[in-house]
Amino acid sequence: NAQTSGSQPIQPVITAYLGVKNALTQDNGTAVQNAAKILYDAIDKVPMEKLSTSDHKVWMDNQEKLSYHAEHIKGTDDLDHQREHFVQLSVYFYKIVKGMNENSVDLYYQFCPMANDGKGAYWVSEIETISNPYFGKRMMKCGSTKETIPAYN
């Protein structure tokens with residue numbers, strides 16, 4: 001079973017990140033905050049002894065930063081502040097899913113050129129259709145898919 005933590009120790013982290021992303025698309029700061037609490041706990045509970053040597057290195061290189069930004073997002077219900085940290089959270093999350101190849105579904109690395117004060121920002125989605133976490137209802141369709149990270153099998 002692809003969902004068992006034995007074969008995919010970081011699956012709860014992937015699921016929780018997507019929960020934060022989806023709450024941001026809905027412009028719901030309280031839901032984002034709650035989703036970030038789940039993410040923060042999931043990061044903390046990754047069974048590192050179940051990671052391969054190469055996965056362990058990828059995880060250790062990025063886990064602290066991932067946790068730092070999750071902590072900031074769970075500490076506020078202010079959408080602007082949450083989105084600011086989501087920019088960086090997504091950078092480290094991408095490095096983890098790309099480097100570990102543990103995702104049970106295809107993931108899409110997406111980019112919005114307008115986000116992050118016009119500097120642009122990426123996010124990872126489980127759906128190919130653009131649903132923008134940085135602008136939510138204001139510009140839901142702004143962005144494009146830059147890469148597909150195929151499901152591990």
Chemist: Quick one: side-chain hydrogen bond (donor to acceptor under 3.5 Å, both in side chains) partners of Tyr109, sequence neighbours excluded?
Modeler: none
Chemist: Check side-chain contact (heavy atoms from CB on, under 4.5 Å) between Met139 and all other residues, then give those that pass, not counting sequence neighbours.
Modeler: Met114, Phe135, Cys142
Chemist: For Ala42, which residues count as a side-chain contact (heavy atoms from CB on, under 4.5 Å) partner, sequence neighbours excluded?
Modeler: Pro12, Val13, Ala16
Chemist: With sequence neighbours excluded, give me every ring-ring contact (aromatic ring centres under 6.0 Å, His included) pair touching residues 9-42.
Modeler: Tyr17-Phe86, Tyr17-Phe93
Chemist: Could you tell me which residues satisfy side-chain contact (heavy atoms from CB on, under 4.5 Å) with Lys65, sequence neighbours excluded, listed by chain and number?
Modeler: Tyr92
Chemist: Table please: side-chain donor-acceptor pairs of residues 22-29 below 3.5 Å, with sequence neighbours left out.
Modeler:
from: Asn22; atom 1: ND2; to: Leu18; atom 2: O; distance (Å): 3.1
from: Asn22; atom 1: ND2; to: Glu126; atom 2: OE2; distance (Å): 3.1
from: Thr25; atom 1: OG1; to: Asn22; atom 2: O; distance (Å): 2.6
from: Asp27; atom 1: OD1; to: Arg83; atom 2: NH2; distance (Å): 2.6
from: Asp27; atom 1: OD2; to: Lys137; atom 2: N; distance (Å): 3.0
from: Asn28; atom 1: OD1; to: Thr30; atom 2: N; distance (Å): 3.2
from: Asn28; atom 1: OD1; to: Ala31; atom 2: N; distance (Å): 2.9

Chemist: Looking at residues at least two apart in the chain, or sitting in another chain, which of them share a salt bridge (charged side-chain N to carboxylate O under 4.0 Å, His left out) with Glu147?
Modeler: Lys98
Chemist: Which residues pass the side-chain hydrogen bond (donor to acceptor under 3.5 Å, both in side chains) test with Ser67, sequence neighbours left out?
Modeler: none
Chemist: Show me the donor-acceptor pairs, under 3.5 Å and distance only, between side chains in residues 54-61 and residues at least two apart or in other chains.
Modeler:
from: Ser54; atom 1: OG; to: Ser52; atom 2: OG; distance (Å): 3.4
from: Lys57; atom 1: NZ; to: Asp61; atom 2: OD2; distance (Å): 2.8

Chemist: Quick one: side chains of residues 73-81, donor-acceptor pairs under 3.5 Å with protein atoms, not counting sequence neighbours, listed by atom name and distance.
Modeler:
from: Thr76; atom 1: OG1; to: Asp78; atom 2: N; distance (Å): 2.9
from: Asp78; atom 1: OD1; to: Asp80; atom 2: N; distance (Å): 3.2
from: Asp78; atom 1: OD1; to: His81; atom 2: N; distance (Å): 2.8

Chemist: Quick one: list whatever passes side-chain hydrogen bond (donor to acceptor under 3.5 Å, both in side chains) with Gln82, sequence neighbours left out.
Modeler: none
Chemist: Using the side-chain contact (heavy atoms from CB on, under 4.5 Å) criterion, which residues pair with Asn116? Sequence neighbours excluded.
Modeler: Val87, Lys119, Ala121
